[in-house]
Amino acid sequence: MNMTTTKSLDGNELALEVEGERTHLGLTPGQVAIRRARRHTGLLVGFGILLMMALFAVLAPWLAPHDPYLQNLPLRLLPPAWVDGGQWSHLFGTDHLGRDYLSRIIYGARISMMIGIGAATIGAIIGVTLGVIAGYLGGWVDQAVNFLVTCQLAVPSLLLIMALVFVIGQSVTVVIFVIGATHWVFYLVVTRSATLRIRELDFVAAASAMGCSRLQIAVKEILPNLVNQILVIFTLEVAVAILNEATLSFLGLGVPSPTPSWGLMIAEGKTAMFFQPWLVILPGIALFVLVIAINLLGDGVRDVTVTNRRS
Amino acid sequence: MSTESLLEIRDLSVAIPTETSTLRAVRGVDLELRRGETLGIVGESGSGKSMTALALMNLLPPAARRSAACVNFAGADLSAVSEKELAGQVRGRKIGMIFQEPMTSLNPVYSIGRQLTETMTLHGDVSVAQARRRAIELLEKVGLPDPGSRLKQYPHELSGGQRQRVMIAMALMNEPELLIADEPTTALDVTIQAQILHLLHGLQTELGMSMILITHDLGVVSRAADRIAVMYAGDIVETGTTGQVLEDPRHPYTRGLLECVPGYREASARRLGSIPGVVPSMTGEIRGCAFAARCSRAVETCFTESPPVRALGSARTYVCHDPEETPGRLSPAEPPVARAAATRQDQDCVLKVEGVSRSFSVRRGMFGKRKSLKALDNVSLEIRKGEVLALVGESGCGKSTLTRTILGLDIPDSGSVTLAGRPVGELPPRQRARMIQPIFQDPYSSLNPRKTIGDIIGRPLQVNQVGARGEQQARVRRMMELVGLPTRVFNSFPDQLSGGQRQRVAIARALILDPEIVICDEPTSALDVSVQAQILNLLLDLRDELDLTYLFVTHDLSVVGHLADRVAVMYLGEIAECGDRDQVLAHPKHPYTRALLDSALTIAPELDVPEPHLTGDFPNPMNRPGGCPFHPRCPLADARCRSRVPERERSTDGTLVKCWKAGDAGGVFSQLAKGQALDAVPTPENNKEESAP
Amino acid sequence: MISYVLRRTLMALLVALTVSFGTFGLFYFATDPAQTIAGEDAPQEMVDAIREQYGFDRPVSAQYVDWLGSVLQGDFGQSYFWKQPVVELIQEHAKVTIMLALSALLITVVIALPLGISAALRPNSWVDRFALSTAVSAQAIPNFWLGLMLIILFAVTFPIFPVSGDSSWRNYVLPAFVLGASSVPAVMRLTRTGLLDVMGSDYIRTARAKGFTGYRLILRQALRNALLPIVSVLAVQLGHKLGGSIVTESVFSMNGLGRLAVESIFNSDIPTVQSLILLFVLTFVLLTLAADLINAWLDPRIRMG
Amino acid sequence: GPSDDTLVVAFSKALTTVDRLYSIQREGLILSRLTDDGLFFVDPETLEFEPLAAASYQWVSDTRLDITLRDNIHFHDGSRLTAEDVVYTFRWVLSKDSDTSRGAVIRGWLDSVEKLGPLRVRFNLKMPYPMALRDMAISIPLRKSGTYDDARGGDQPLNGIGPYRVKQFDVGRRIVLERFEDYYTDSPKAGARIKNMVFRVIPDEGTQQAELLSGGIDLMMDVPPDVADNISALPGVERLRGNDIRIGYLTLDAAGYSNPDSPMTRLKVRQAINHAINREAIARYLVRGSARAIPYACHPRQFGCQADGPRYSYDPEKARRLLAEAGYPRGFSFKLWAYREKIIAEAIVSDLKAVGLDVDLRYVKLNVFSKMRNDQRMEAFFASYGSGGTPDASASTGVHFAANSNRNYSGDQALADTVLAAEHTIDPDQRRRLYRKALNRIAAQAYWVPLFSYSQNYLLTPALSLPVPEDGVPRLWQAAWRQ
Ligand SMILES: Nc1ncnc2c1ncn2[C@@H]1O[C@H](COP(=O)(O)OP(=O)(O)OP(=O)(O)O)[C@@H](O)[C@H]1O
Ligand SMILES: Nc1ncnc2c1ncn2[C@@H]1O[C@H](COP(=O)(O)OP(=O)(O)OP(=O)(O)O)[C@@H](O)[C@H]1O
Ligand SMILES: [Mg+2]
Ligand SMILES: [Mg+2]
């Protein structure tokens, strides 16, 4: 097609040029998000801390001063270095088996992150799949999913997790799967309602008018629009999963000993908490800092990706 | 009309700080309003009309900052009084306000009785009983039957028109001196719009109020306002009496705007005039004239210097450098495109809808039972090759449901849609996609916000596996050129485009598979007139270029008059009347068509808002009246209409009508309308001559 | 409305049945209740005798049907471990949990609502920041750890409250605070966003245009709308608290339903576990139903459709 | 405290019943020694079985025992103890539908009980059973005739003959006792000094500590050594160290039940594991107190616990060598199951890892543990056994290596025969010989890794004086307030 036809077809080519000069195109959604992120303190702080923690987790073998599993019974229950009786070779002291507490806390970041991310991923897969299916197909499928959700919500989730871990047996994988398998309702509720909303939008109708199958529509049209929300829930669920793991381990049904899990460490330190309070306080602080960082990040991501179009 | 000034605004500005910069929504507006006068503020979306009104009452969004040299209202300077005083003395008491969205402007959890009476009791010294009496009186006045029992109802039990009436009653509870109506009818159907405007007009004269009527509809201001202020990019560019401004527009923007309206003056032309470009982003300082970039007459100074205010007589001003027409920038007067329609009369039918019915089952409320809602009732239609068939009807009458059925996206309960000789339901989706494609109403929701423009337009090719990747890209670029999209938006996201551009993207996507039939479901009703004009032009050009057939859904009769070959009028899921455009618009057989035509407001400053002939609202489709579904609103209805569904009949001039009174509709109506309204709808034949003063 | 309530109840029963059958199977295949009943050092003969006596050697379906049958006749059976009618057992423990849950809910409401409301009224002010940071931290503090820290602080270092037990109101202060704090973030955020939404809505603008400002605007126009989601979330939170605040009860050694549930699991005390699950499910469903009904009462759109 | 003459004791686990016939928990045993008397009792100093409610006894033959009762014993309801009550109690235990916790054991050896006179009773045994006095002392409190006639007597207050009577019983919360003033004065347990006792259920250790420090309780039992160390350093707390007859051990699946090809079926592997674990260090640093590493499958204080079989010293090098010889130079992986003392289990795992074994610790609750153990699905497990407080090898060695025991993972029939023979032998020398044979066999085959004996730590208010029990079961009737 040559220029003349264009011209004859559209009297507005002039307009578009003018438009091009005057209204420079806005930013892409990604650029907008990054621009906002740069000025979002909470997000930056959260991201910074998390990055540091992630480094700790990844580089644990090089950063940890000792083998976190190495027991040294004669040196057990050493207080932190700054307390009377502490040694500088064991900065945070040692635990009941004489293992270096600092090294265990550093390795603990690994466990927490692994479980957090693993469980949140599993939850996301279950929740998003069910949510999109229920929202998109509706009808009896929706009813069935709704039933599942009620089942899930009606039973106290910690109790359910405990029962499952108790019966299946303790291991990191089991904990990841069980926490993941009991934390998908949030994903589901959000993706379902978003899908319900999106499926009424005209671009979905346009897609089916152009011959897309339902699967194509669900995956190619609807899913990309859920990514932001899923990401936000994901970060929040990572935090929830980490706390859940700690709680489970605290109650004795989380990851198995001698894995260095913060919750487990708190549980083990609890018997001595009035006398060696650092056994409880230090891993608690680590947990708190990690979770708060993730939450800040999650809140930040939500603030940054939210579309505040007027209408 | 008294000449005493009630309201005087000087240099009112509103700035809204955003994340990256400051949006200056209103820039130094000057306005004046006399007692008893109606001032119409017109302008395209985003021009700052609402912000001006809200700034008066200090109801701006929390972030917004207001500044004004003075806002004199009945002797007091509103820009200086405290929030408390404003709330206690002015808002709701001296100034009443009606908002655009009747559906959301009433508090859903309180009864309307409570919401009405508290307007009075809040401001003290009135007993609840008194307030109730006043509320009942006002509800009666705004035309709500049985007002006593209405007080117990909740907003969701009322239709949009009824809610808007309640809003009006609420605004009038304390007999304010000024009523600000911000697009009071935009969300309503034409028939209701006419009723509401009529009502407002009556109340205003009765109570001696002044009124500010904000709208983007030039037809509405032309009928309802005494004076007009045209707003552009946060500033008033032209004011004057309605007649002056509309008959003799001085500002190029006003002129351009008028030319965009289908049916205004040069309506016989197939191409509408248009204002190129879009409203400038209102962030930061605008140098020179804000309109310069879109102005066909703009010269050097327009871009560098603020235009001066020019006065013509006492209350007539406009803001412009007033340069000569700039050669070269002038949009060429389009030669009238030869109409091929006449020759397309009895061509072969490409799409046939036969006896289609569709019901939904809906549950109302949490405890409600499921009820069946009949959205389509035995609809039959034919679309012929190369024609534009317009489908008109009020909101909720089933237009979209019908288009979805035609597209094969919805399966009818009974009846069939035949496309190229085969039922659409049986066509494989991809084959169907190559024959028929939709364009939707809302350019925001019709594009996937997560995909780039290139992807969106090329997606049909991908799905249908047409050609290799490179070839697809080339086709997308060609298509973008064809619909007038700059290629640099190829990798942009929909959010970065203006409404008009988005609609072009939607058009490109619909056309890239080379379909025969395009179903346009109100493609321009979300757009401003200037953009609507561009899109309508484009659609018509494309039709001729690509030999397309359109089913064009709309509720705007002026658009119908502008582009349709044939018209089908829908009411409550039925086709009430269907025939050639000229026949239907000039000699409507069905009383409903007649009423629609009466209610459509063309630009005619010399005329008032017509008296509505239809009583009542569009009924809830869940409680369809028996017999002829139109009988409760029909001025001609008799016992037969109430009891028996009318047959579909072909009248002498070839239109199909479904009415017992088809024969005498014209006669009775012309009596009722007292000769006022035959010109109400612009058909190419009758518009110009008859509407001239 | 009656049909709605019936539908919901039916759903609840179905949920309860599904869950309880799942539990039954789980325990049957993985644990040996006989040994727990007998004790760790119990000799072989004793364990075998118990197994036979309780019928643990029968197929799972038979055991389940038996249990279901007696439940349908209103007999929730005897706890294997406590050797006490389950109903009595639950009654005893429920007192603690109900007390704890209600006081925790009270604390949640007392902290979260005012905070959320004041945050919503002045977005981005210091109140808002304070509220948000409270929420973020409260969300990040592990419940059990907060409990331990409070014990160290208020029961040992400054012995103001007792460390454990459930005998007097003073026992409930710390646990109720810990449990209440755990739902503060959710409720606070919801109150804030809900109220912000409402405050930004068209009908509030209408109300302002009528002359409403200040507290009258909030109380007489906005609150009822904002309350809708809060009611729902409070019902869910209360449901979860009544479903046994396992962690809190364990940290503060309170003898509530959560603890009973955990111990029953550890002891494979199936009749107790099953009855508790029935109880939890029904409580939860009833509470959400109640929330829906309250919402229907608050909102005519739901009530009348 | 002494001010109200009330001793408050913390229990970690709740008792489900105060009737000893229906519970076998340790807490039940401690309580039962206050509220009940049996025909015999375990002498706190010598750990011999001495007559208590019985005035005297006589072995008429290997399978016949005659007992004469004291004539001045009252039940808590005021009635007198007669031969009828004794007969009733034992017949009740023997009857199948009584469902008492000890019925199955007693039925194993006791044939019948007869009344010979108002205060004389005869016991007919099914076979020679040297532990008869033990069972009577530890498991069978005497009950008033007719106690269980209606509704199992569960609703009535416990009617025992012990020095204290139950005043109040809140399941899962507390038990209140009051001194029984009509207690027979010639009882070895007579002369209780404290008037009231309250047993509070406080499952959480930390809470118990805090309560002890704040004066909420007077006595805490089963205190982990670390806690005991820490708390006893504070003013206002006294610590007692005592022995416990409990032992810890590892069982290895020598029979290959869990998997016929299990490495545990190889002697060298089992020996390697024996050499790999540093029992001394565990006993010294973790169990602490009077705990010692034990060489054989019984507690050294138990009768018959003398042997001269191989002893395995802590020698990781040798362990590695043995593993290599067995064909596992790079070790192998297996699951070690445990259900108590997690820290010790971890220490064991750590030692095993040090010699190249990849151990996965499965720390589970008892009901899961026993399911696995009874299904014979464990390759190795760490467990402990308290022998029911019995100072006799039959209670440990006998129980664990009997042919029908599902704790027996040795699959060694000959060993089982030896143990059974010892069980039915009354003659002490003969029994000693049989146990020595069994213990030597166990050590030579390394079926077990005998680990250590336990110790007991008690924390109490300094106002309280309490003799330290030799077998880990406190005799609270001996408690008194210091002046
Ligand atoms: N709450 C808000 N926050 C930020 N910007 C706003 C807000 N409300 C309006 N604006 C912007 O202010 C400008 C003027 O808006 P205004 O509502 O006055 O336009 P309008 O002429 O009433 O348009 P419409 O016909 O669409 O109602 C627009 O650019 C709009 O985007
Ligand atoms: N999926 C659905 N479920 C229930 N009711 C529906 C559904 N789709 C449409 N309806 C109802 O069917 C009737 C016709 O709707 P439709 O969208 O076809 O109207 P319309 O003429 O396109 O109106 P508008 O001009 O507002 O777009 C309406 O009352 C609508 O509420
Ligand atoms: Mg507006
Ligand atoms: Mg529509």
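Labels below follow one simple rule: chain letters A, B, ... track the order of the sequence lines, proteins then strands, and each chain is numbered from 1. Quick caveat: nothing in here was measured; it's all calculated off a predicted structure. Just so you know, these numbers use all the heavy atoms, side chains as well, and skip hydrogens, waters and symmetry mates.
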_Could you check whether any side-chain heavy atom of C:L148 comes within less than 4.5 Å of a side-chain heavy atom of A:K270, counting everything from C-beta outward?_
yes
*What option among C:T18, C:L14, C:T288 has the most heavy-atom pairs under 4.5 Å with chain A?*
C:L14
*Can you tell which of C:V262, C:V285, C:I277 has the highest number of heavy-atom pairs within less than 4.5 Å of chain A?*
C:V262
_Using side-chain heavy atoms (C-beta onward) and a distance below 4.5 Å, is C:F284 in contact with A:V155?_
no
*Select one option (side chain, backbone, both, neither) describing which atoms of A:D299 are under 4.5 Å from chain C's heavy atoms.*
side chain
*Pick one of side chain, backbone, both or neither for A:A246, based on which atoms fall under 4.5 Å of a heavy atom in chain C.*
both
*If we only count heavy atoms from C-beta on, is the A:L243 to C:N143 side-chain gap below 4.5 Å?*
no
*Under 4.5 Å heavy-atom distance to chain C, tell me which part of A:I242 shows up: side chain, backbone, both or neither.*
neither
*Name the orientation class of the two ring planes belonging to A:F166 and C:F266 (parallel below 30°, tilted from 30 to 60°, perpendicular beyond 60°).*
tilted
*Can you tell if the side chain of A:L158 reaches within under 4.5 Å of the side chain of C:V247, non-hydrogen atoms only?*
yes
_Quick check against the 3.5 Å criterion: does C:W145 have a side-chain atom that pairs as donor or acceptor with the backbone of A:V280?_
yes
*asked:* Nearest 0.5 Å, please: how far is OG1 in A:T247 from CD1 in C:I246?
replied: 10.0 Å
*Segment of A:F250 engaging chain C (4.5 angstrom heavy-atom cut-off)*: side chain
_A:I168, part contacting chain C, at a heavy-atom distance under 4.5 Å_ = neither
_Atom pair CD1 (C:I141) and CG (A:L287), whose distance is rounded to the nearest 0.5 Å_ = 10.5 Å
*chain C contact via A:L153 - side chain, backbone, both or neither, heavy atoms under 4.5 Å*: both
*Working to the nearest 0.5 Å, report the span between CD1 of C:I265 and CG of A:L159.*
4.0 Å
*State, yes or no, whether a side-chain contact exists between C:L26 and A:L164 at a heavy-atom distance under 4.5 Å.*
yes
*Output the distance between atom CD1 (A:I292) and atom OG (C:S137), rounded to the nearest 0.5 Å.*
4.5 Å
